[in-house]
Amino acid sequence: VQLQASGGGLVQTGGSLRLSCAVSGRIGSKYAMGWFRQAPGKEREFVGAVNWDGSKTIYGDSVKGRFNISRDNPRNTMYLQMNTLKPEDTAAYYCAAREVTISYTYYVNPAIYPYWGQGTQVTVSS
């Protein structure tokens with residue numbers, strides 16, 4: 001299973017970006033996906049996650065109301081729409097996936113995801 005994250009870049013405070021994460025390879029038909037981020041010198045932080053059919057999403061407190069996760073299952077792609085960006089959103093953003101075998105309440109934990117993308121850098125200038 002391979003995950004390819006893209007869409008990162010440099011944006012000014014208050015701007016928007018949309019990240020994508022494309023999944024390929026052998027993965028079950030029902031898989032949850034998540035976004036995490038990591039800034040230099042900091043621990044990996046949960047951004048948000050979506051269940052297999054897109055009916056449930058959860059978000060980290062720092063991005064609630066500003067970020068939105070969606071997925072297009074026929075395209076095997078997940079998106080992260082980031083609005084009202086702040087300098088503290090600057091980080092490498094990683095997408096992750098796992099086949100659905102546990103409650104979505106566990107999706108905040110990076111340890112439950114066996115598949116990870118390579119990360120895409122988001123830099124928000126002040």
Side-chain angles (χ1 to χ4, degrees):
V1 177
Q2 293 82 43
L3 279 67
Q4 180 72 42
S6 62
L10 174 64
V11 64
Q12 291 186 330
T13 296
S16 298
L17 276 176
R18 189 176 82 154
L19 306 184
S20 300
C21 177
V23 180
S24 60
R26 293 181 145 247
I27 189 168
S29 60
K30 296 183 179 181
Y31 58 94
M33 299 188 73
W35 286 100
F36 294 81
R37 67 187 183 185
Q38 189 165 20
K42 295 189 176 181
E43 293 187 355
R44 189 161 292 193
E45 177 188 8
F46 172 72
V47 174
V50 58
N51 71 338
W52 71 275
D53 64 356
S55 63
K56 292 187 187 296
T57 53
I58 53 175
Y59 297 94
D61 288 342
S62 61
V63 306
K64 280 180 183 175
R66 300 187 298 124
F67 291 11
N68 183 69
I69 293 175
S70 61
R71 64 188 295 167
D72 182 344
N73 282 348
R75 296 178 185 269
N76 294 323
T77 301
M78 173 180 64
Y79 303 98
L80 178 66
Q81 178 66 44
M82 305 185 294
N83 300 320
T84 319
L85 283 161
K86 306 174 181 179
E88 50 264 43
D89 295 318
T90 295
Y93 283 70
Y94 299 88
C95 56
R98 69 161 286 135
E99 281 136 335
V100 176
T101 56
I102 57 176
S103 168
Y104 75 95
T105 56
Y106 292 92
Y107 292 172
V108 303
N109 183 355
I112 69 154
Y113 295 91
Y115 309 118
W116 287 85
Q118 83 291 358
T120 186
Q121 179 67 35
V122 172
T123 302
V124 184
S125 63
S126 57

At their closest point, which heavy atom of Thr77 faces which heavy atom of Ser20, and how far apart are they?
-> CG2-CB, 4.3 Å
So salt bridge (Lys or Arg N to Asp or Glu O under 4.0 Å) across residues 88-97, not counting sequence neighbours, yields Arg37-Asp89, Arg66-Asp89
Tyr93, Tyr107: one ILVMFWY side-chain cluster at the under-4.5 Å cut-off?
-> no
Which value, rounded to the nearest 0.5 Å, describes the distance between Ser24 atom OG and Gln4 atom CD?
-> 8.5 Å
ILVMFWY network linking Tyr94 to Val108, side-chain heavy atoms under 4.5 angstrom = yes
Minimum heavy-atom distance Gln81-Ser16, with the two atoms named | NE2-CB, 3.9 Å
Nearest atoms (heavy-atom pairs only) where Asn73 meets Asp53 | ND2-CA, 4.1 Å
side-chain hydrogen bond (donor to acceptor under 3.5 Å, both in side chains) involving Lys42 - partner list, sequence neighbours excluded = none
Would one find more than 12 heavy atoms of other residues, nucleotides or ligands at under 6.0 Å from atom CZ of Arg44?
-> yes
d(Lys86 NZ, Ser126 OG) to nearest 0.5 Å is 14.0 Å
Can you get from Leu3 to Trp52 by hopping between Ile, Leu, Val, Met, Phe, Trp and Tyr side chains that sit under 4.5 Å apart?
-> no
Can Met78 be reached from Tyr115 by stepping across I, L, V, M, F, W or Y side chains whose heavy atoms are under 4.5 Å apart?
-> yes
Nearest heavy-atom approach of Arg71 to Ala32 is NH1-CA, 4.0 Å
Ignoring hydrogens and geometry, is there a side-chain-to-backbone donor-acceptor pair from Thr84 to Gly14 under 3.5 Å?
-> no
Under 4.5 Å side-chain linkage, directly or through intermediates, the cluster mates of Tyr79 | none
Is there a path of hydrophobic side-chain contacts, each under 4.5 Å between heavy atoms of I, L, V, M, F, W or Y residues, that connects Val11 with Leu19?
-> yes
Could I get the full list of side-chain hydrogen bond (donor to acceptor under 3.5 Å, both in side chains) partners for Ser103, not counting sequence neighbours?
-> Thr105
Considering all heavy atoms of both residues, which atom of Arg98 and which atom of Pro114 are nearest to each other, and what is their separation?
-> CB-CD, 3.4 Å
Determine the minimum heavy-atom distance between Ala91 and Gln121, stating which atoms define it.
-> O-NE2, 3.4 Å
Is there any ring pair (Phe, Tyr, Trp, His ring centres under 6.0 Å) pair reaching into residues 13-51, and which pairs are they, with sequence neighbours excluded?
-> Phe36-Phe46, Phe36-Tyr113, Phe36-Trp116
So how far is it from Ile102 CD1 to Asn109 CG, rounded to the nearest 0.5 Å?
-> 8.0 Å
Look only at the side chain of Thr90 and the backbone of Val124, and say whether a donor-acceptor pair between them is shorter than 3.5 Å.
-> yes
Straight-line distance of Asn68 CG to Asn83 CG, nearest 0.5 Å = 8.0 Å
Name all pairs fulfilling the salt bridge (Lys or Arg N to Asp or Glu O under 4.0 Å) condition that reach into residues 9-34, sequence neighbours left out, sorted by first residue then second.
-> none
